[in-house]
Amino acid sequence: MTKVYKFGGASVKDANAVKNVGNIIQLYHGNLVVVISAMGKTTNGLEKVVEAYFNHDEKCVAYLEDVKKYHLDILNDLFENKQHPVFTDIHNTFIEIEWEIEAEPTREYDYVYDQIVSVGELLSTKIVSAYLNEVSIKNTWIDVRAIIQTDNTYRNAKIDWTLTEQLVQKNIQPLFDKKEQTVIITQGFIGSSSELFTTTLGREGSDFTAGILAYCINSESVVIWKDVPGMLNADPKWFDDTKKIDNISYHEAVELAYYGASVIHPKTIKPLHNKNIPLYIKSFISPIEEGTLINNNTIKDESFPSFIFKMNQVLISIAAKDYSFIVEDNLSQIFGVFANLGITINLMQN
Ligand code: ASP
Ligand code: MG
């Protein structure tokens with residue numbers, strides 16, 4: 001049976017974190033697809049590079065240097081052998097961005113964003129894959145852009161499910177037919193358009209990648225490894241005395257994620273729900289703890305409520321001028337205005 005593991009930026013933020021990922025992978029002996037995000041705050045760092053590039057800000061080069069130094073430090077900590085080919089590989093990966101930012105931007109912002117920001121995931125997976133092979137955790141690095149096909153809505157690409165499923169059958173499934181354990185290391189968050197340009201699935205999209213791949217390979221389960229013990233009933237950043245939810249239905253998990261529980265990307269759950277694939281949220285700090293299980297369990301645990309804290313909310317009251325009430329007719333007009341402006345309504349009372 002095959003499982004999908006997803007490791008986010010915090011779980012690969014330095015050399016020790018990467019070693020810990022190795023330890024967690026070694027605890028499992030079946031086939032694995034491991035989806036990894038960019039290391040630490042790399043995506044934010046690369047966003048700064050793109051921003052500066054478009055604003056003709058000369059700090060652009062320095063911002064890229066920061067990202068580079070961060071990765072080279074991790075490489076140096078992980079590899080004693082400084083002749084290891086991964087050093088050249090990472091170096092060359094940076095050269096590609098350096099070329100990109102030397103010329104004037106000729107295409108639109110979102111396109112350039114995806115070409116540059118996607119490199120974070122390529123770097124992290126190359127480093128983790130090379131390190132694991134070095135410590136005898138044999139694995140195959142796969143460029144997920146050969147698998148996950150999308151439209152060309154840059155920065156928020158939509159999945160072409162039919163094509164993606166076909167490519168999984170063709171390129172990934174055969175790797176699992178071997179007798180020995182197969183571990184695949186691949187990128188979250190990124191995909192490829194039909195013109196073969198890199199696309200991204202939206203910030204925090206690596207969870208979604210795990211969901212897509214799990215769906216396509218009919219994975220036994222998915223584990224998202226986090227720095228929290230599981231899904232909590234509130235964000236510990238804002239609330240004391242939070243409680244871990246042991247088991248929650250897909251339906252309720254989507255609702256919590258959609259309304260702002262940042263522990264998991266809301267798009268992740270639907271593909272899993274469709275095939276009834278259980279999703280675990282577990283702590284990479286104490287991997288043997290139970291964590292949270294998200295599945296089709298419909299027995300509702302009523303013992304404690306969940307809380308969502310949202311910053312920067314605006315309250316708008318709308319009233320009719322002619323002493324009538326706001327009814328469906330007016331609502332459809334009002335919602336139309338919000339939809340056109342791309343403004344999300346979090347809560348409404350009629
Ligand atoms: N690295 C991307 C981001 O920070 C995707 C992810 O972490 O899920 O948004
Ligand atoms: Mg992240």
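Side-chain atoms are counted along with the backbone in the values below, which use heavy atoms only and exclude waters and symmetry mates. Remember, it's 1-based here, ligands and their atoms both numbered in the order they're listed.
The closest approach between a heavy atom of Gly205 and any atom of ligand 1 is below 4.0 Å.
In this structure, Glu51 does not pair ionically with Lys59, as no charged nitrogen and carboxylate oxygen lie closer than 4.0 Å. Lys6 and Asp207 are joined by a salt bridge, as a carboxylate oxygen and a charged side-chain nitrogen come within less than 4.0 angstrom of each other.
Residue-level proximity to ligand 1 for Ser37 is carried by the side chain, the only part with a heavy atom below 4.0 angstrom. When non-hydrogen atoms are compared, ligand 1 lies under 4.0 Å from the side chain of Glu121 (C-beta onward) but not from its backbone.
Under the 30°/60° scheme for interplanar angles, the aromatic rings of Phe7 and Tyr5 are found to stand perpendicular.
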Check residues 121-129 and write down every donor-acceptor pair under 3.5 Å in which the side-chain atom is one partner and the other belongs to a residue at least two apart or another chain.
residue, atom, partner, partner atom, Å
Glu121, OE2, Ala38, N, 2.9
Ser124, OG, Ser37, O, 2.7
Ser124, OG, Glu121, O, 3.2
Thr125, OG1, Glu121, O, 2.8
Thr125, OG1, Leu122, O, 3.1
Thr125, OG1, Trp141, NE1, 2.9
Thr125, OG1, Gln187, NE2, 3.1
Lys126, NZ, Asp89, OD1, 3.3
Lys126, NZ, Thr93, OG1, 3.3
Ser129, OG, Asn139, OD1, 2.6

Can you list, pair by pair, the side-chain donor-acceptor contacts under 3.5 Å of residues 325-339, counting residues two or more places apart and other chains?
residue, atom, partner, partner atom, Å
Asn330, OD1, Val327, N, 2.8
Ser332, OG, Asp329, O, 3.1

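Residue Arg203 approaches ligand 1 through these ligand atoms, each under 4.0 Å from one of its heavy atoms: 3 (C), 4 (O), 9 (O). For ligand 1, the atoms lying closer than 4.0 Å to a non-hydrogen atom of Thr43 are 1 (N), 2 (C), 3 (C), 4 (O).
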